[in-house]
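Down below is the structure, laid out as structure tokens.
Letters A, B, ... are given to chains in the order of the sequence lines, protein chains preceding strands, and every chain is numbered from 1. Treat the numbers as computed from the prediction; the structure is a model and nothing was measured. All values below come from the heavy atoms of this structure, side chains included, with hydrogens, waters and symmetry mates left out.
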Amino acid sequence: MAPKFQKLPGTLDVLPAESWKWQYAEEQMRTVAGLFGYREIRLPTFESTELYQRGVGEGTDVVSKEMYTFEDKGGRSCTLRPEGTAGVVRAVLENGLLAASPLPLKSYYIESHFRYERAQKGRYREHHQFGIECFGTHAPEADAEVIAVADMLLRRIGLGEYASLEVNSIGCPACRPAYNQALRAYFGAREGELCDTCKGRLQTNPLRLLDCKEEACQAIAKDAPSMLEYLCEDCAGHFAAVQALLAEAGIAFVVNPRIVRGLDYYTNTVFEFVASGIGAQGTVCGGGRYDGLIGELGGAPTPAVGFGMGVERLLMLVEEAGKLPPAPDGPLLYAVAADEAGRAAARKLVAGLRAKGYAAEYDIVQRSVKAQMKAAARLGAHFTVVLGEAEVQGGSAKFKNMQEEGEVPFLLDSAAEALEMALFRKTARQFGGRLKREVAPGTLDPLQQCFLE
RNA sequence: GUGGGUAUAGCUCAGGUGGUUAGAGUGUCAGGUUGUGGCCCUGAAGGCCGUGGGUUCGAGUCCCACUACCCACCCCA
């Protein structure tokens with residue numbers, strides 16, 4: 001029975017039952033970004049089409065055939081952002097941030113990107129990306145730091161052994177032309193064996209031949225001259241320094257001379273974190289240096305590095321690896337009402353707990369006691385209490401622990417405080433005294449926090 | 001843009017060679033226990049079988065088109 005309205009191809013619903021996974025991932029992203037001093041930037045979802053044409057590059061697939069472009073009522077050509085960097089650069093320049101703030105300028109974002117392409121596992125038309133950008137330094141330490149952010153996030157989220165880092169350098173305007181020349185000479189000699197798209201790219205962008213997935217092309221590319229042999233002195237030194245810094249930081253990597261990025265703005269360092277388990281889309285995170293982009297978009301030439309990380313892909317990997325944390329706790333109390341008097345008492349008790357900052361629920365569908373108990377169990381409530389005429393008269397009720405055995409009588413007037421105490425004890429047992437050292441600051445709620453102090 | 005596969009209940013799926021009231025499991029709701037969850041039992045609700053054509057006396061079943069989804073290419077996160 002096809003519903004009247006269905007979501008558009010390549011879009012995704014994140015339903016209430018699983019939104020906590022997204023919140024968890026985003027929380028980790030914000031935490032790690034914060035540890036490295038990156039601050040959030042929030043930008044418009046659409047920009048002028050020209051920004052992307054100039055920024056990402058007319059020759060890229062993203063710009064030439066994947067953009068959601070429309071004309072608004074004022075006759076402007078607008079485009080739903082297909083990637084994050086161009087918009088960040090625009091905002092940084094428009095607001096004069098490079099002049100007004102101390103360098104480096106570090107920012108991060110978590111936002112939707114839109115690309116019109118055929119959806120498949122791990123690839124969507126609207127996908128979410130966590131990205132960071134670091135402006136104003138050409139030092140290799142910046143490259144290493146940007147990579148370290150991605151590495152730390154992947155480790156914290158449980159993917160340390162599942163995603164591997166590949167790095168490369170694609171040179172700068174000083175050394176790239178010579179390399180392109182060498183590639184043309186090498187591939188040109190065997191042009192007949194190349195696939196059609198590669199034949200075309202031979203002139204326009206020979207770098208991309210290295211990236212072709214065609215078997216025949218790969219076989220040829222295997223022995224192609226490496227960019228690394230053509231790097232100018234500056235680029236070679238920079239790349240060597242980046243590698244040394246990564247090694248020093250204990251971040252494992254392999255140099256893969258065949259990684260090239262699909263966006264035109266990259267220079268020097270490029271990198272990808274790749275993993276298996278999300279279909280054919282192995283790249284969870286991709287990025288690199290883009291020293292030419294700011295100038296291209298009208299700013300004073302400024303070096304920059306950054307990366308983008310696919311949130312959907314990240315979550316797929318985390319689930320695949322079985323590294324998701326347990327689902328969040330249910331309410332502290334579900335107050336079951338047996339009659340009208342009990343209903344009023346339940347409302348009061350629940351309101352009191354909520355005011356203290358604890359999740360608590362009662363039945364708002366007027367169901368039977370049994371159905372309310374079922375609802376409480378399904379929600380994962382820690383405690384239930386059945387309230388009716390008798391309890392209201394007597395002023396006390398038995399609170400049932402839903403997760404262990406046992407019923408405890410509490411006075412209704414002080415039930416909220418009693419439940420707080422019960423939660424204290426539970427927390428104490430769960431975490432024990434070593435908690436302080438093992439748990440990162442900010443991951444505990446205020447109650448757990450004060451228990452520790 | 002290209003190729004392959006799929007489309008039946010909220011979800012996962014059965015429904016040889018076309019035949020009359022379309023099934024299971026699970027989930028939902030209710031009852032068995034007139035005030036107590038998880039196990040068990042019973043019942044109910046929930047389907048113009050993706051959409052539109054065609055073949056046929058008759059189509060969930062065969063044919064065509066469309067659409068969507070899945071997988072892959074391309075590209076990218």
- Task: Scan Leu317(A) against the nucleic acid and name what it touches under 4.0 Å (heavy atoms): base, sugar-phosphate only, or nothing.
- Result: nothing

When both distances are under 3.5 Å in a Watson-Crick or G-U wobble arrangement, the nucleotide paired with G3(B) is C71(B)

note: Glu166(A), atom CD; A77(B), atom C1'; distance rounded to Å ~ 15 Å

Tell me what Phe130(A) touches on the nucleic acid: a base, only sugar-phosphate, or nothing, going by heavy atoms under 4.0 Å.
nothing

#### Entry: Nearest-angstrom distance, C1' atom, G10(B) to C29(B)
13 Å

Exercise. Expressed as a whole number of Å, how far does the P atom of C66(B) sit from that of U2(B)?
Worked result: 11 Å

Between Leu387(A) and Thr60(A), the residue closer to the 5' end of RNA chain B by nearest nucleotide is Leu387(A)

- Query: So what does Ala390(A) hit on the nucleic acid, given a heavy-atom distance under 4.0 Å: a base, only sugar-phosphate, or nothing?
  - Reply: base

Looking only at heavy atoms, the pair that brings Glu133(A) and Gly306(A) closest together is OE1-CA, 3.6 Å

Charged N to carboxylate O below 4.0 Å: is that the case for Lys398(A) and Glu391(A)? no

Winner on side-chain proximity to Glu391(A), out of G37(B), G35(B), A77(B), is G35(B)

By centroid distance (under 5.5 Å) and plane angle (under 30°), are His127(A) and A77(B) in a stacked arrangement?
yes

Report task. Sticking with atom C1', work out how far A7(B) lies from C49(B), rounded to a whole angstrom. Result -> 10 Å

Taking G35(B), U36(B), C69(B) as options, the one with an atom nearest any side-chain atom of Lys400(A) is U36(B)

Judged by nearest nucleotide, the residue sitting upstream toward the 5' end of RNA chain B, Ala375(A) or Val62(A), is Ala375(A)

- Message: Please give the distance between the P atoms of G43(B) and U67(B) as a whole number of Å.
- Response: 45 Å

Per atom distances to the Ala338(A) side chain, the nearest of C69(B), C71(B), G35(B) is G35(B)

Counting the atoms with a prime plus P, OP1 and OP2 as sugar-phosphate, which does Gly122(A) contact under 4.0 Å by heavy atoms, base, sugar-phosphate, or nothing? base

Could you work out the separation of G52(B) and A59(B) based on their P atoms and round it to a whole Å? 15 Å

- Apply side-chain contact (heavy atoms from CB on, under 4.5 Å) to Val88(A) and Phe135(A), showing your working. CA-CA 10 Å; Val88(A) 175; Phe135(A) 298 95; 3.8 Å; yes

Separation of C69(B) atom P from Glu117(A) atom CD, nearest Å, is 14 Å

Remember a base hit wins even if backbone is also touched, and classify Glu83(A) as base, sugar-phosphate or nothing at under 4.0 Å, heavy atoms.
nothing

Point to revise | P atoms of U51(B) and U61(B), separation to the nearest Å | key: 11 Å

Check: Which part of the nucleic acid does Glu407(A) contact within heavy-atom distance under 4.0 Å: base, sugar-phosphate only, or nothing?
Finding: nothing

Re A30(B): Watson-Crick or G-U wobble partner, both distances kept under 3.5 Å, found to be U42(B)

Rounded to whole Å, the CE-P distance (Met373(A) to U33(B)) equals 18 Å

note: Leu379(A), atom CG; U28(B), atom P; distance rounded to Å ~ 11 Å

Rounded to whole Å, the CG-C1' distance (Leu12(A) to A77(B)) equals 14 Å

message = Any base atoms under 4.0 Å from Val386(A), or only sugar-phosphate, or nothing? Heavy atoms, all strands.
response = base

Q: Write down the distance separating the C1' atoms in U6(B) and G50(B), rounded off to the nearest Å.
A: 11 Å

Leu263(A) near the nucleic acid: base, sugar-phosphate alone, or nothing, with a heavy-atom cut-off under 4.0 Å?
sugar-phosphate

As its Watson-Crick or G-U partner within any shown strand, both distances under 3.5 Å, C66(B) has G50(B)

From CG of Leu159(A) across to C1' of A77(B) the rounded distance in Å is 14 Å

With a 4.0 Å cut-off on heavy atoms, is Gly10(A) in touch with a base, just the backbone sugar-phosphate, or nothing at all? sugar-phosphate

OP1 or OP2 of C71(B) sitting under 4.0 Å from any side-chain N/O of Gln120(A)?
no

Quick note, Val369(A) side chain, CB onward, closest among C69(B), C75(B), U36(B) is U36(B)

When both distances are under 3.5 Å in a Watson-Crick or G-U wobble arrangement, the nucleotide paired with C57(B) is G19(B)

In whole angstrom, give me the gap between the P atoms of A22(B) and U26(B).
23 Å

- Mind telling me whether Tyr179(A) and Tyr230(A) have parallel, tilted or perpendicular rings, with 30° and 60° as the class edges? tilted

Arg378(A) atom CZ is separated from G38(B) atom P, nearest whole Å, by 11 Å

field: Pair Ile147(A)-Phe253(A), side-chain contact (heavy atoms from CB on, under 4.5 Å): steps then yes or no
entry: CA-CA 10 Å; Ile147(A) 291 172; Phe253(A) 65 92; over 6 Å; no

Paired with Phe399(A), the ring-ring contact (aromatic ring centres under 6.0 Å, His included) test is passed by just one of Tyr334(A), Phe410(A), Phe383(A), namely Phe410(A)

For Pro140(A) and Val242(A) the tightest heavy-atom approach is CB-CG2, 3.7 Å

Here the distance between atom P of A77(B) and atom CG of Leu154(A), to the nearest Å, is 15 Å

Problem - Close side-chain approach of Glu66(A) to Asp61(A), heavy-atom, < 4.5 Å - result: yes

> How would you label the contact of Lys370(A) with the nucleic acid (heavy atoms, under 4.0 Å): base, sugar-phosphate, or nothing?
Replying inline: base

